[in-house]
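Encoded as structure tokens, the structure appears first; notes follow it.
Note on naming: letters A, B, ... go to the chains in the order of the sequence lines (proteins, then strands), and numbering restarts at 1 for each one. Please read all numbers here as calculations on a predicted model, not as lab measurements. Computation of the quantities below employed the complete heavy-atom set of this structure, encompassing side-chain atoms and omitting hydrogens, waters and symmetry-equivalent molecules.
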There are 4 protein chains.
Amino acid sequence: MTIQTAVLIETLTALGAEVRWCSCNIFSTQDHAAAAIARDSAAVFAWKGETLQEYWWCTERALDWGPTGGPDLIVDDGGDATLLIHEGVKAEEVYEKTGQLPDPSSTDNAEFQIVLTIIRDGLKADPKKYARMKERLVGVSEETTTGVKRLYQMQANGTLLFPAINVNDSVTKSKFDNLYGCRHSLPDGLMRATDVMIAGKVAVVCGYGDVGKGCAAALKQAGARVIVTEIDPICALQALMEGLQVLTLEDVVSEADIFVTTTGNKDIIMVNHMRKMKNNAIVCNIGHFDNEIDMLGLENYPGVKRITIKPQTDRWVFPETNTGIIVLAEGRLMNLGCATGHPSFVMSCSFTNQVIAQLELWKEKATGKYEKKVYVLPKHLDEKVAALHLGKLGANLTKLTKDQADYISVPIEGPYKPPHYRY
Amino acid sequence: MTIQTAVLIETLTALGAEVRWCSCNIFSTQDHAAAAIARDSAAVFAWKGETLQEYWWCTERALDWGPTGGPDLIVDDGGDATLLIHEGVKAEEVYEKTGQLPDPSSTDNAEFQIVLTIIRDGLKADPKKYARMKERLVGVSEETTTGVKRLYQMQANGTLLFPAINVNDSVTKSKFDNLYGCRHSLPDGLMRATDVMIAGKVAVVCGYGDVGKGCAAALKQAGARVIVTEIDPICALQALMEGLQVLTLEDVVSEADIFVTTTGNKDIIMVNHMRKMKNNAIVCNIGHFDNEIDMLGLENYPGVKRITIKPQTDRWVFPETNTGIIVLAEGRLMNLGCATGHPSFVMSCSFTNQVIAQLELWKEKATGKYEKKVYVLPKHLDEKVAALHLGKLGANLTKLTKDQADYISVPIEGPYKPPHYRY
Amino acid sequence: MTIQTAVLIETLTALGAEVRWCSCNIFSTQDHAAAAIARDSAAVFAWKGETLQEYWWCTERALDWGPTGGPDLIVDDGGDATLLIHEGVKAEEVYEKTGQLPDPSSTDNAEFQIVLTIIRDGLKADPKKYARMKERLVGVSEETTTGVKRLYQMQANGTLLFPAINVNDSVTKSKFDNLYGCRHSLPDGLMRATDVMIAGKVAVVCGYGDVGKGCAAALKQAGARVIVTEIDPICALQALMEGLQVLTLEDVVSEADIFVTTTGNKDIIMVNHMRKMKNNAIVCNIGHFDNEIDMLGLENYPGVKRITIKPQTDRWVFPETNTGIIVLAEGRLMNLGCATGHPSFVMSCSFTNQVIAQLELWKEKATGKYEKKVYVLPKHLDEKVAALHLGKLGANLTKLTKDQADYISVPIEGPYKPPHYRY
Amino acid sequence: MTIQTAVLIETLTALGAEVRWCSCNIFSTQDHAAAAIARDSAAVFAWKGETLQEYWWCTERALDWGPTGGPDLIVDDGGDATLLIHEGVKAEEVYEKTGQLPDPSSTDNAEFQIVLTIIRDGLKADPKKYARMKERLVGVSEETTTGVKRLYQMQANGTLLFPAINVNDSVTKSKFDNLYGCRHSLPDGLMRATDVMIAGKVAVVCGYGDVGKGCAAALKQAGARVIVTEIDPICALQALMEGLQVLTLEDVVSEADIFVTTTGNKDIIMVNHMRKMKNNAIVCNIGHFDNEIDMLGLENYPGVKRITIKPQTDRWVFPETNTGIIVLAEGRLMNLGCATGHPSFVMSCSFTNQVIAQLELWKEKATGKYEKKVYVLPKHLDEKVAALHLGKLGANLTKLTKDQADYISVPIEGPYKPPHYRY
């Protein structure tokens, strides 16, 4: 719920939507943006610094149009709204068949316990709430790598309840927002949180996907010596071609100054790594979930002390050495927690994709074009998103002649590339 | 026919192949490499500085195993061998039905006239030569953007005569050879041909695909101010995000010092552009065919004078202004014509893909796995190619735990990415 | 008065000094740092957001140890304390001779009017205050390009009242703080003030000295297209060698998105330039004084409207077009006004020079080594400053053998370069 | 004796000089340039691939105008002509006093033995040759770091025989030729000699002065991981600020792929280092003399085998391991030996300084302005050199107003910077 999403909400409203909104991250709300939207445009359930309970309460509230309404479309970012509905429907079905309520103690995952609790608590009062939502829903458009991964898993399992458009894999999203957005916002977050001089430092970037590429580029350009950790040999070879060293975290844990996780995986930096770091090493995550960093292990480490320098900037001191590390945004997205997320230009690319996806889902809602599967936007729409952003930057595009278009077997007006093209 | 292809030939020979070889470009042969291979390993039909007639004579010779033999597999680079066989088969079929020979004068394209002449001249002596080749051929593996485009066109038209593996679109080919290879070889070619100082100059890169990205990066890093021309709004937006100006050729034709075509299209720099360039502007092509630059228009320009500074470096002087431009490698691939092509490390990535494709075609020759279609190598082989090259560069890859692999739903041993992943 | 100066104050105090402190810029104080120092270490006269009156009141207060005390040494940054004393002494001498008080209306410069007013108002009460200061003062060490320029002017005019050490021209100051400090703090200030995406934008950097070099590098690396304006042909040629375009402000005023002044001169961006800029062009100064930007012309432009987005970020709307520009920090140092100045590591280099200069002045106070002239620190001390900072960054220095040292005619332990060496 | 020096010779000739010329390096002559000059413009004593004997014979020949003539001015590059005259004069004086001839066996240095032999052999025939030269000589202008160091040593010892202008320390020489010239020519030499892919490799740059800075920048930009060795803590800190690792050669000798010496010192890479290198590690020097690399130690290593891949590219195989290293240009300047030296644009800056220095020496030959000391060109001439090169690159310089010039206390027409300014 940033100023950029505020403009997205205003856009959707101008297109005729009635919007209810929540945040996708406990730290990412800009309260001034939320206030302006709440006043003018939409119901907003979001503030900076929610607890996890509050976060899921907000998510549930945002989905609740009352007994006769409900969302027709979901604009998702991370997939939590989609998750809640799927889990809600699953629980309602079990309840209907067996009378059994979901049991939060059935999972170790603290956050998922909250999800189950929220569903359980609402289930008796309205045992068909999520079923009604599912019926009404035309579809979801999702914009993150993580959220999309969940959608493909549900598609593979046959459990996806409504059509989904994967906006993340529009080129104008993943190769712009993830890459250039993070190239901007990683140093921004580091500077605002710590004022550390990046030049001369040793920085470890865990993961060299689009987000990792953006982070590594930013750190290298600012004068850091960058070391990449990777599991994928292709991405590792890309890092090497850019002059970056590829090592394991164990190789460098005690000599680096800055650690950034970008993997989309979990258990990347564990408390046993953190114990070996230099005093005042900076540890942060820009790769979606806070479980990239072992925050639980850190919090439960015997004798560890947390000293909050300022909100979203904590120093954790280990008892053996009395040295400490600096953890940003409690392991959550540091660019949203410590800075203001991605700048408007790149978010405009992402959100234009979202709006196009929403329009597409709505337009085709009765045609059966979209089944309960995951789709990407067709390439000509991807190219359209790019074209809409060229003027602002003063670009002059060259036009193909008919003859040239025929020669490379593409329509004059595009799309210009085969589907497998990687940009 | 460079030292890198020499090692490829030796590899194929060591794997049991009997090899006949020709070049893919009239200027790209390294005669010492050709000589060594001719002595030790294979029949070679290639030398530096062929005429077009000689070039196609070589191609035809390389395919000719005598009446009872023939190629089982083709390793293609640009698709000319594949083209010759397809055109040969077509002509034989027409001849069989109608007794009509191919007519070189039926086309304006000077090079295609040569192709038809060669087929015509062989047709009476052996009217089933290409038909026998087609029958015998297990398949082709092709490594260039241009050659692959032709294959997909033939697949779309239903005219593809045997299975084809598209090696170009292995990530470890197109995102390495095309990108990092050209980042290396473009300045190499410029320096060897002209000794021009790149720093401070204005350079125009036509096209911002993988090749264009590599060229633009090289020129920018060497201190040039780089301007990109593009037809594709997505690639144009990528150029802008890297700080490059995107304009049309017309906008900058009279102020730039260096022009590079990388498009894979034709008619990019026309003689009317060249007339407007500054004195001693450098014009070159690294994007496959010499028709990116209007060489024909240049040669036929009334009163133009060609002064050969040294082989592959010509100054063309226009009569009106008595100023001239410098054209490299007669408009053909300047990195092969003026330097030595791509360095061994990146060619090793490409050729490992070629060898794997050849092994795969041969292994499956009787199983029917490959139809008369175009295939890409499966991702785990692509990752294998990368993995084979990490040790040389001192990389330490991180290993997924079972738990992590499950969390992101990939096998521990890979492949690690979905098919649509763009790297 | 930032956290870095706080540590400097603590260092000076630990060395035995009694410290009084004021800021060098109305926006640059970090109030938490000022508060901590005021509580623990020194008398502080500084807060974020002073008026000019308050600023000079603070300067005067910081110099006032009461009738029997006074500063022995000045640590100056910009030269305002030194200016006040020199102007005070001048006024006292005129007053003693002629009984005439300084006349603030004798100058057009609003800020200098305040200086004269402060001196005038104190003069009757204590007509020997600045004379006593001058007598007592052992010297000043000054760290900015601007402050040093004033000192050399006074040396040339024969009006310098006490010895001065030019800390700015220590290599470890000007080639680090000015260059790498600004490379860090310019994007930091831009991001915090405006959240603008730098990638893809056209940025004009006025001046390509050390500060301009740092700014241009930062903007280029962040993906902007950078244009430099310069008066000095050597610096202009340096910019060209880095691939930057060199044009005049007039050439580009209406097409750029971001304007940064770094010249140390005045009247660089005038209101007539600002009127021609694109809507929401960003205008800022990182080159010492706010008169690089014609703030006076802007404020007095008929019908102009100032809209304060947030402190230190103003939108100025012109009446003719109803479009506006965004001016940072009211034309004052944007990195101090909109961000937190330079990071600690590079300030440590600068302040180590300051401390060494203070120690040197004090040690030699009775020896006559330093006359009323401007000195730079000897090169071995400059090298020492660098050496003290290598360990933090994990560097291993190579040691000369005796034989090698003799071969290049330097002492084994340094200094290693002739005085004219430019690094 | 490259094409750039050919144009310099033509320039001097056009200005009225009679020129005799030799090379400054046994490998650096471009024979076509030498031939053209020998035909049209000057007496040339230079060819590619001289022996050391031939080299000094050429030097001696170039200085010999016959009994009644002699050089009025020397354009020196490395200082060998100046050295020969100084040693000649010294030997003549000893001979006159004592009748003793120089004894080549008095030195271990093989090259200096040749110098003494040449002097000895000429001494009896003409015992006043160098004395006459000394008398006639108006002065020398010298353009290299190494040559200038010798001049300052002679000045310090009081042995300098005629005025010298240090052209190397013109900003438009040392900060352009040394820095940007090597940034261009180092990769050029590497590519031409070895075709090695620089991306992904580990490169060690010994020395981070202007030459080292250019080399490190080139290698980093080409995708290498660069490690710097330094003795000077200031230069080391600069390297760190650019993200380069600073280590000793011992730290990295066995893991790097490319080694470049740039120090101007001797004994940088010894045979004991070379023995520990990886197979096919590349070793080269771009820092003036071949004694940066222990060529003597290598040649004399028991059992070592030298395999000449091609001229100026040798593989040296150690007997213990049967692995080898690749040494470029026999340890001499690799950019001149393996490529064509620096490109014309940057040489034009250097040679404009040379020409201006020659004009200045000649103009003032009778005025006594220049004593037997070393001088640098005044800054306004340095700025003029830069200004003369801006037009070619399309730059638009900004002009100071009178008011602005007064404000920063410089003349409107320059010079714009104080003498100590470092650019």
Of all heavy-atom pairs between Ala387(B) and Pro233(A), which one has the smallest distance, and what is that distance?
-> N-CB, 3.6 Å
Looking only at heavy atoms, the pair that brings Leu397(B) and Ala236(A) closest together is CD1-CB, 3.6 Å
Partner chain A: residue of Leu249(B), Leu388(B), Asp382(B) with the largest heavy-atom pair count (under 4.5 Å) = Asp382(B)
In terms of heavy-atom proximity below 4.5 Å to chain A, should Cys349(B) be classed as side chain, backbone, both, or neither?
-> side chain
Among Thr172(B), Thr263(B), Asn291(B), which residue forms the greatest number of heavy-atom pairs with chain A at distances under 4.5 Å?
-> Asn291(B)
Could you look at Tyr152(A) and say if it's the side chain, the backbone, both or neither that has a heavy atom under 4.5 Å from chain B?
-> side chain
Residue, of Glu383(B), Arg183(B), Lys266(B), Glu242(B), that accumulates the most heavy atom pairs under 4.5 Å with chain A = Lys266(B)
For Cys235(A) and Tyr423(B) the tightest heavy-atom approach is SG-CD2, 3.9 Å
Which of Gln153(A), Lys399(A), Lys213(A), Gln245(A) touches chain B most, by non-hydrogen pairs under 4.5 Å = Gln153(A)
Chain B contact via Leu240(A) - which portion, at a heavy-atom distance below 4.5 Å | side chain
Which one of Thr229(B), Asp251(B), Val228(B) satisfies the side chain to side chain contact (heavy atoms under 4.5 Å, CB included) criterion with Thr398(A)?
-> Thr229(B)
Tell me, yes or no, whether the heavy-atom count around Asn157(B) atom CG, taken from other residues, nucleotides or ligands under 6.0 Å, exceeds 12.
-> yes
Pick one of side chain, backbone, both or neither for His389(B), based on which atoms fall under 4.5 Å of a heavy atom in chain A.
-> both
Relative to chain A, which segment of Thr401(B) carries a heavy atom at a distance below 4.5 Å: side chain, backbone, both, or neither?
-> neither
Looking only at Asn265(A), Thr248(A), Asp403(A), the option with the highest number of non-hydrogen pairs under 4.5 Å against chain B is Asn265(A)
Which portion of Leu393(B) sits near chain A, non-hydrogen atoms under 4.5 angstrom = both
Quiz item: cation-pi between Lys149(B) and Tyr407(A), 6.0 Å / 45° | yes
Criterion side chain to side chain contact (heavy atoms under 4.5 Å, CB included) on Val246(A) and Asn396(B), from CA distance to verdict | CA-CA 6 Å; Val246(A) 176; Asn396(B) 258 3; 5.9 Å; no
Shortest non-hydrogen pair, Ile234(A) vs Phe176(B), comes out as O-CZ, 3.9 Å
Where do Lys175(B) and Arg422(A) come nearest, in terms of heavy atoms and distance?
-> NZ-O, 3.8 Å
Give, for atom CD1 of Ile231(B) and atom CD of Glu413(A), the distance between the pair rounded to the nearest 0.5 Å.
-> 11.5 Å
Tell me, for Arg150(B) versus chain A, whether the close heavy atoms (under 4.5 Å) come from the side chain, the backbone, both or neither.
-> neither
With only heavy atoms counted, which part of Thr145(B) is less than 4.5 Å from chain A, the side chain, the backbone, both or neither?
-> neither
What are the two closest non-hydrogen atoms of His420(A) and Asn166(B), and how far apart are they?
-> NE2-ND2, 4.4 Å
Can Glu230(A) and Tyr416(B) be counted as having a side-chain donor-acceptor contact under 3.5 angstrom?
-> no
Does a side-chain heavy-atom distance below 4.5 Å link Met241(B) with Val346(A)?
-> no
Between Gln238(A) and Tyr180(B), does any side-chain donor sit less than 3.5 Å from a side-chain acceptor?
-> no
